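Encoded as structure tokens, the structure appears first; notes follow it.
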Amino acid sequence: MISRREFLMAAVATGAILGPNSDGRWTRAFAQQRLSEDALLSMEPFGNVTLVHITDIHAQLKPVYFREPSVNLGVGEVAGLPPHVTGADFLELYNIEPGSPEAYALTYEDFTALARTYGRMGGMDRVATVVKRIRAERGDSMLLLDGGDTWQGSYSANETLGADMVEVMNALRPDAMTGHWEFTYGADRVTELVDSLPFSFLGSNIYDAEWNEPAFEPMKMFERGGVNIAVIGQAFPYTPIANPRWMIPGWSFGIREEDIAAHVEEARAGGADLVVLLSHNGFDVDRKLASRVDGIDVILTGHTHDALPEPVIVNDTLLIASGSNGKFVSRLDLDIRDGAVKGYAYRLIPVFADVIAPDAEMAALIDKVRAPYEAELARELARTETLLYRRGNFNGTMDDLICQALLEEREADIALSPGFRWGTSLLPGDAITVEDLHNACAMTYPAVYRSTMSGQMLRDILEDVADNLFNPDPYYQQGGDMVRVGGMSYTITPTAGMGSRISDMTALKTGEPIDPGEDYVVSGWASVNEDTEGPAIWDVVEAWLKDNPVVTLEENNRSVRIAG
């Protein structure tokens with residue numbers, strides 16, 4: 001049987017044979033699949049410096065499906081601006097043909113059908129192929145930078161406390177990285193891993209909480225292509241709020257805009273021709289930062305998992321968004337002369353796993369670090385007849401599955417599941433394996449709680465998370481997407497003021513309004529409280545899947561209604 005990779009590669013030759021005047025469904029299919037490794041990676045060299053950026057890999061070593069969001073709302077000044085444009089609007093904005101490889105990679109439109117056509121994306125062995133090719137072309141002009149959220153998000157990463165990803169990334173040879181979910185392994189483990197790295201771990205905004213001194217190297221100077229490059233690292237500023245503070249009690253975080261400005265001045269005074277912020281702030285925070293801090297030439301953004309085919313330019317700063325899960329590699333060629341950017345060329349490279357050949361050395365290394373866990377990773381738990389995905393401001397179907405498991409296995413009235421952006425997708429008909437389950441919930445504080453909350457407390461929780469997500473000032477956006485709910489519905493008005501966004505809370509079992517004075521049994525997971533007790537979320541979901549071996553979920557139009 002011909003493989004998808006062989007089919008995609010053959011499409012180019014077949015299209016040439018058929019000619020431009022051919023018609024019919026096969027011709028259209030071939031037109032959508034004119035992919036080759038050369039076509040994806042070839043780029044006319046430009047300038048004297050090349051920045052290569054990867055971010056938010058979330059420990060995904062193998063190719064994956066990852067559905068981009070259908071809902072990604074912006075509020076205030078960024079409403080309707082990239083990255084807060086999705087689906088058909090995104091295609092129109094960037095002049096992308098529906099049904100094309102780019103449409104599949106960058107939007108949720110026709111995701112299931114296009115996923116069956118174009119296949120999985122990412123895989124660190126394919127990323128290695130891309131990186132090695134650019135490195136061979138650009139030589140000592142290239143700088144490879146990792147935006148963080150690299151060591152967390154899979155079964156094997158959990159089992160090794162990040163060691164599998166460190167070994168793989170060491171082989172990829174980045175020049176520097178910053179972090180966020182890395183810190184959820186705890187201060188001792190992070191320190192141990194950082195001390196073992198053959199490259200810099202940068203965090204200009206992380207301080208020793210007792211001595212108020214930098215806890216990590218804030219900035220690194222590099223010389224590439226005869227150009228002096230300063231890279232300032234910016235870890236996720238709200239790590240101790242979004243994640244457990246007790247895991248990193250000795251470190252304080254923050255945006256620390258004044259510190260960044262000071263580092264920019266220091267870099268320029270030290271002879272930097274190019275200043276780069278390697279950031280895990282999130283796109284909107286970086287957009288505001290670029291408008292307020294002069295002298296940053298490039299911000300390589302992370303955290304919000306946005307993938308944009310063109311830079312966003314704020315004042316004179318280029319903002320680059322490189323997606324997540326290894327789906328994309330960004331290449332930014334820069335012409336640096338007289339200490340300034342004179343021009344640039346950019347390419348967001350989609351890593352189509354069936355087109356880009358795996359790098360043999362990296363593939364062998366990945367097999368080695370996964371070998372102790374392969375049998376368990378492949379163990380089948382159930383099958384799904386529904387597209388399972390998470391990414392988006394509100395409930396995805398993977399979240400609905402988890403909430404249903406919480407409701408039934410923990411005998412709860414209401415389920416709460418965190419709005420994490422990480423978590424891969426599964427197509428209808430796919431097996432749900434241990435690996436798939438852990439891709440959605442692998443973390444170091446997985447306990448499932450069961451407690452009693454008043455209706456007022458539930459509303460307060462939703463209001464607090466909504467303000468984290470929809471505060472019109474990006475500097476006050478402290479979390480991920482909206483908390484997912486099961487067993488209840490509500491209306492949200494994102495543009496309303498703090499404390500006024502949530503209304504019409506309803507218990508789905510009874511159809512009655514949630515009573516502020518009544519108590520409800522609530523089950524959830526990933527609490528940041530140190531004393532949380534309960535089974536691990538993956539054990540709860542696996543037990544539910546055992547009783548529900550074929551997963552069929554209706555499209556969830558009941559949980560959240562968006563107003564305003």
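Note that this is a predicted model, so its numbers are computed, not measured.
Side chain of N205 to backbone of G254: a donor-acceptor contact under 3.5 angstrom is found. With hydrogens and angles disregarded, no donor-acceptor distance shorter than 3.5 Å links the side chain of W181 to the backbone of D56. Looking at N529, its side chain never comes within 3.5 Å of a backbone N or O of T532 through a donor-acceptor pair. Looking only at distances, a side-chain donor or acceptor of N393 sits under 3.5 Å from a matching main-chain atom of L73. Between the S204 side chain and the G233 main chain, a donor and an acceptor come within less than 3.5 Å of each other. Under a 3.5 Å cut-off, the side chain of E182 and the backbone N or O of D149 do form a donor-acceptor pair. Formation of a donor-acceptor pair under 3.5 Å by the Y104 side chain with backbone atoms of T117 is not found in this model. Checking side-chain atoms of T160 against main-chain N and O of S156 turns up a donor-acceptor pair under 3.5 Å. When atom types are taken as modelled, the side chain of N471 and the backbone of D473 share a donor-acceptor pair closer than 3.5 angstrom. Here the side chain of R189 pairs a donor or acceptor atom with the backbone of L161 at under 3.5 angstrom.
Side chain to side chain, T178 and H280 fail the donor-acceptor criterion of an N or O pair below 3.5 Å. A donor-acceptor contact closer than 3.5 angstrom links the side chains of D436 and T433. No hydrogens or angles considered: a donor-acceptor pair under 3.5 Å links the side chains of T150 and D146. Looking only at atom types and distance, the side chain of E257 has a donor-acceptor partner in the side chain of Y475 under 3.5 Å away. Between the side chains of D460 and Q456, at least one donor-acceptor pair of N or O atoms lies under 3.5 Å. Between the side chains of N325 and Q60, not a single donor N or O lies within less than 3.5 Å of an accepting N or O.
If you look at W525 and F420, their ring centroids are closer than 6.0 Å. Proximity of the aromatic rings of F216 and W251 is defined here by a centroid distance below 6.0 angstrom, and this criterion is met. Side-chain rings of F253 and F183 approach one another, their centers coming within less than 6.0 Å. Here H305 and H58 bring their ring centres to under 6.0 angstrom of each other.
Among T491, T493, T506, the single residue meeting the side-chain hydrogen bond (donor to acceptor under 3.5 Å, both in side chains) criterion with R561 is T491. Of the candidates R379, R370, K62, E435 forms a salt bridge (Lys or Arg N to Asp or Glu O under 4.0 Å) with just one, namely R370.
Ion pairing between D464 and R501 fails under the 4.0 Å rule for side-chain N and carboxylate O. Looking at D481 and R390, no side-chain N of the basic residue comes within less than 4.0 Å of a carboxylate O on the acidic one, giving no salt bridge. Ionic pairing of E463 and R459 is present here: one or more N-O contacts between side-chain nitrogen and carboxylate oxygen are shorter than 4.0 angstrom. Contact check on E380 versus R383 returns a salt bridge, with a Lys/Arg side-chain nitrogen under 4.0 Å from an Asp/Glu carboxylate oxygen.
With a 6.0 Å radius and a threshold of 12 heavy atoms from other residues, nucleotides or ligands, E77 has its CD atom at or below the threshold. Heavy-atom contacts from other residues, nucleotides or ligands closer than 6.0 Å to CG of D188 number 12 or fewer.
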(request) List the steps, then state whether salt bridge (charged side-chain N to carboxylate O under 4.0 Å, His left out) holds for E167 with K368. (result) CA-CA 10 Å; E167 188 169 357; K368 187 195 90 168; 2.5 Å; yes

(request) Apply side-chain hydrogen bond (donor to acceptor under 3.5 Å, both in side chains) to D286 and T301, showing your working. (result) CA-CA 7 Å; D286 284 328; T301 74; 4.9 Å; no

(request) Tell me, with the steps shown, if R256 and Y207 meet side-chain contact (heavy atoms from CB on, under 4.5 Å). (result) CA-CA 11 Å; R256 295 192 160 116; Y207 278 68; 3.4 Å; yes

(message) Let's go through W544 and Q404 carefully: what are the C-alpha distance in whole Å and the side-chain angles of both, what is the deciding distance for side-chain hydrogen bond (donor to acceptor under 3.5 Å, both in side chains) to 0.1 Å, and is it a yes or a no?
(response) CA-CA 8 Å; W544 185 82; Q404 197 62 34; over 6 Å; no

(request) Take F111 and L387 through the side-chain contact (heavy atoms from CB on, under 4.5 Å) test and state the conclusion after the steps. (result) CA-CA 9 Å; F111 180 80; L387 171 66; 3.9 Å; yes

(request) Check step by step if side-chain contact (heavy atoms from CB on, under 4.5 Å) holds for L193 and V190. (result) CA-CA 5 Å; L193 291 175; V190 171; 6.0 Å; no

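Interatomic distance, CG of L469 versus CZ of F394, reported as 6.5 Å (0.5 Å rounding). Between atom CG of residue N468 and atom CD of residue Q478 there is a gap of 5.0 Å, rounded to the nearest 0.5 Å. Atom OH of Y65 is separated from atom NZ of K327 by 12.0 Å, given to the nearest 0.5 angstrom. Remark: L145 CG to L278 CG distance equals 5.5 Å, nearest 0.5 Å.
In this pair, W151 and F201 present their aromatic rings tilted. The plane angle is within the 30 to 60° band.
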